[in-house]
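Single-structure report; data block below.
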Amino acid sequence: METRPRARRDRDGPLCYPPRRVSWLKRILIGVTLLLLVLVAIGAWLFRSQAEAIPSELPPIDAAADPQNIKLPADGDLPALALAELRGHTSYFVIEDRESMQAGESKAVNRALARWSVPEGVRGFLIGDAKGFALLRAKIGEFMGMMRPELRLPLYIDFEGVFYDSFKLPRGHTGVVVLGPTGEVLLRHSGPADDATLAALKAALGADEPTLSPAPEFTAGTLSRAACRGKVCVLAFLDAPVALADLPGVEGGFKGGREESFERFGRPSIRLVGVLAEADEKIDEDKVAGVIVGDLSGVTLRRWQQVAEAAAARAAFELPPDRAGLVIIDDQGRVALKAIGRVPFWQLGLVSELLGVELGDRSGER
């Protein structure tokens with residue numbers, strides 16, 4: 001039986017409990033993409049056999065089953081996806097099912113794809129395999145409507161299993177496919193991606209690491225460009241007051257149902273505070289420092305400074321005065337991430353990578 005962490009008392013402050021998250025919030029914060037959340041959320045319906053073995057070499061694609069014939073129907077606001085209509089573009093597909101997402105096989109690929117810069121015209125898609133569950137199409141579509149605004153790439157659900165079948169990929173593992181402008185297969189991969197696979201994917205897409213700009217001169221609390229030298233620094237700017245009672249999934253926080261909590265966590269400032277409260281338990285203070293700028297009440301964070309305002313710092317990072325914003329400076333003094341407004345779920349993987357923690361993943365503590 002899970003036990004509650006023991007309360008801690010700051011030297012001169014109140015008792016502070018580590019935030020206690022409910023299960024849906026842990027799932028929200030676990031992946032680098034929302035595809036993981038989507039299919040874990042419907043995982044109760046998608047019972048499958050164990051993952052198939054990955055062969056040393058993937059079998060050839062059947063000529064009679066030309067992948068160019070693949071077409072998934074329109075879904076919600078998404079038009080039909082016809083691979084033949086992607087000719088003229090390099091396109092890539094990250095293909096998942098329940099087992100692959102529970103195993104977290106796509107983490108390295110998704111974080112690299114979120115970080116890289118790709119040439120204009122490169123098209124990317126997330127494909128969730130739900131072969132045999134077409135009867136649940138309406139319920140799954142309802143959930144998709146909630147999640148799609150959080151995704152970096154369009155997500156299609158493959159109820160016929162044509163992607164795994166056509167590209168000869170073993171089920172139960174993440175599949176990655178890259179097609180060239182004439183429809184030729186430039187890359188097929190199954191399973192977790194090592195450095196060699198990521199290098200091959202990067203070459204197939206013509207991708208590059210982003211060019212990062214040096215941080216400007218700024219002051220926010222005790223943080224400054226000089227104080228952040230050799231550290232990762234986080235600056236979170238709120239656009240509205242946040243109280244403990246606003247935060248879903250923490251002790252003393254918001255007590256609404258799933259949909260109400262989902263809506264609440266979608267508010268930009270509440271999401272920022274919720275994410276940093278999660279990271280507060282885990283960051284290495286010798287490597288990471290941060291400040292929350294704004295009206296924050298009732299929330300005790302041990303490792304993040306809290307200041308009421310830092311208008312000059314907002315201006316230095318070109319953040320609007322009335323919008324929430326998140327800035328992360330890497331240990332080389334470069335702006336590695338800047339988000340204005342709500343930080344979408346797909347970017348939380350990049351936040352995890354920069355902070356050196358796994359947001360929402362407590363597996364290492366068991």
Side-chain angles (χ1 to χ4, degrees), residues 31-36 38-39 51-73 75 78-101 103-114 116 118-119 121-131 151-207 346:
V32 286
T33 74
L34 262 297
L35 181 59
L36 179 61
V38 169
L39 293 184
E52 299 170 358
I54 302 175
S56 58
E57 184 174 343
L58 293 176
I61 296 172
D62 293 338
D66 185 356
Q68 292 297 297
N69 295 327
I70 292 176
K71 184 174 182 178
L72 298 184
D75 190 354
L78 295 178
L81 174 61
L83 269 58
E85 295 177 4
L86 297 175
R87 286 180 176 270
H89 299 272
T90 296
S91 53
Y92 66 91
F93 307 88
V94 180
I95 308 157
E96 298 267 32
D97 66 4
R98 175 175 170 263
E99 283 81 6
S100 68
M101 286 180 295
E105 288 189 350
S106 63
K107 181 170 72 173
V109 164
N110 285 327
R111 289 187 180 181
L113 289 170
W116 291 338
V118 299
V122 172
R123 306 280 300 278
F125 303 90
L126 304 176
I127 307 297
D129 181 79
K131 185 177 182 179
L151 299 170
R152 184 178 65 91
L153 298 175
L155 167 65
Y156 287 84
I157 302 300
D158 180 3
F159 289 100
E160 303 300 325
V162 295
F163 271 82
Y164 274 117
D165 293 342
S166 298
F167 289 108
K168 296 294 184 181
L169 299 168
R171 281 191 161 79
H173 301 284
T174 297
V176 180
V177 174
V178 180
L179 300 181
T182 61
E184 73 278 19
V185 177
L186 300 180
L187 181 145
R188 274 189 309 154
H189 174 75
S190 179
D194 57 16
D195 289 344
T197 300
L198 292 177
L201 176 59
K202 190 176 183 181
L205 297 177
W346 68 265

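The structure presented is a predicted model; accordingly, all values stated were derived computationally and were not measured.
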Checklist outcome for this item: S190 and L169 have their tightest heavy-atom pair at CB-CD2, 4.4 Å
Item to check | Minimum heavy-atom distance A108-A193, with the two atoms named | outcome: CB-O, 4.0 Å
Next on the checklist: Between V176 and S106, is there a side-chain heavy-atom distance shorter than 4.5 Å?
Outcome noted: no
For residues 194-202, tabulate all N or O donor-acceptor pairs below 3.5 Å that involve a side-chain atom, not counting sequence neighbours.
residue: D194; atom: OD1; partner: A196; partner atom: N; Å: 3.3
residue: D194; atom: OD1; partner: T197; partner atom: N; Å: 2.8
residue: D194; atom: OD1; partner: T197; partner atom: OG1; Å: 2.9

Item to check | Minimum-distance pair of heavy atoms, taken over all atoms of L78 and P154 | outcome: CD2-CB, 3.8 Å
Item to check | For T174, all residues meeting side chain to side chain donor-acceptor pair (under 3.5 Å), sequence neighbours excluded | outcome: E96
Item to check | Non-neighbouring partners of T90 that pass side chain to side chain contact (heavy atoms under 4.5 Å, CB included), sequence neighbours left out | outcome: V122, V178, P181, L205
Checklist entry - Which heavy atom of D165 sits nearest a heavy atom of E160, and at what distance? => result OD2-O, 4.1 Å
Checklist entry - For F93, what residues pass the ring-ring contact (aromatic ring centres under 6.0 Å, His included) criterion, not counting sequence neighbours? => result F125, F163
Item to check | By side chain to side chain donor-acceptor pair (under 3.5 Å) - contacts of T182 (at least two apart) | outcome: E184
Checklist entry - Can you name the side chain to side chain contact (heavy atoms under 4.5 Å, CB included) partners of V185, sequence neighbours left out? => result I61, F167, L179, R188
Checklist outcome for this item: Distance col, row L153:CG vs R123:CZ, nearest 0.5 angstrom, shows 10.5 Å
Next on the checklist: side-chain contact (heavy atoms from CB on, under 4.5 Å), that's the test. Do L81 and L86 meet it? Break it down for me.
Outcome noted: CA-CA 9 Å; L81 174 61; L86 297 175; 4.3 Å; yes
Next on the checklist: Going by the rule salt bridge (charged side-chain N to carboxylate O under 4.0 Å, His left out), which residues pair with D158 if we only count those two or more places apart in sequence or in a different chain?
Outcome noted: none
Checklist entry - For K71, which residues count as a salt bridge (charged side-chain N to carboxylate O under 4.0 Å, His left out) partner, sequence neighbours excluded? => result none
Item to check | Straight-line distance of D97 CG to K131 NZ, nearest 0.5 Å | outcome: 11.5 Å
Checklist outcome for this item: d(I70 CD1, Q68 CD) to nearest 0.5 Å is 8.5 Å
Next on the checklist: How long is the straight-line distance from CG of L72 back to CZ of F159, given to the nearest 0.5 Å?
Outcome noted: 10.0 Å
Item to check | Shortest non-hydrogen separation from P170 to P55 and the atoms involved | outcome: CG-CD, 4.2 Å
Next on the checklist: Minimum heavy-atom separation for A130 and I157, please, with both atom names.
Outcome noted: CB-CG2, 3.7 Å
Next on the checklist: Please check: side-chain N/O of H173 versus main-chain N/O of E52, any donor-acceptor pairing under 3.5 Å?
Outcome noted: yes
Item to check | Selection residues 54-64 - residue pairs positive for salt bridge (Lys or Arg N to Asp or Glu O under 4.0 Å), sequence neighbours left out | outcome: D62-K168
Item to check | Spacing of OG belonging to S100 relative to CD1 belonging to I95, to within rounding of 0.5 Å | outcome: 10.0 Å
Item to check | Any residue meeting salt bridge (charged side-chain N to carboxylate O under 4.0 Å, His left out) with D66, in chain and number order, not counting sequence neighbours | outcome: none
Next on the checklist: Counting C-beta onward and ignoring hydrogens, is there a side-chain heavy-atom pair between V109 and H189 closer than 4.5 Å?
Outcome noted: no
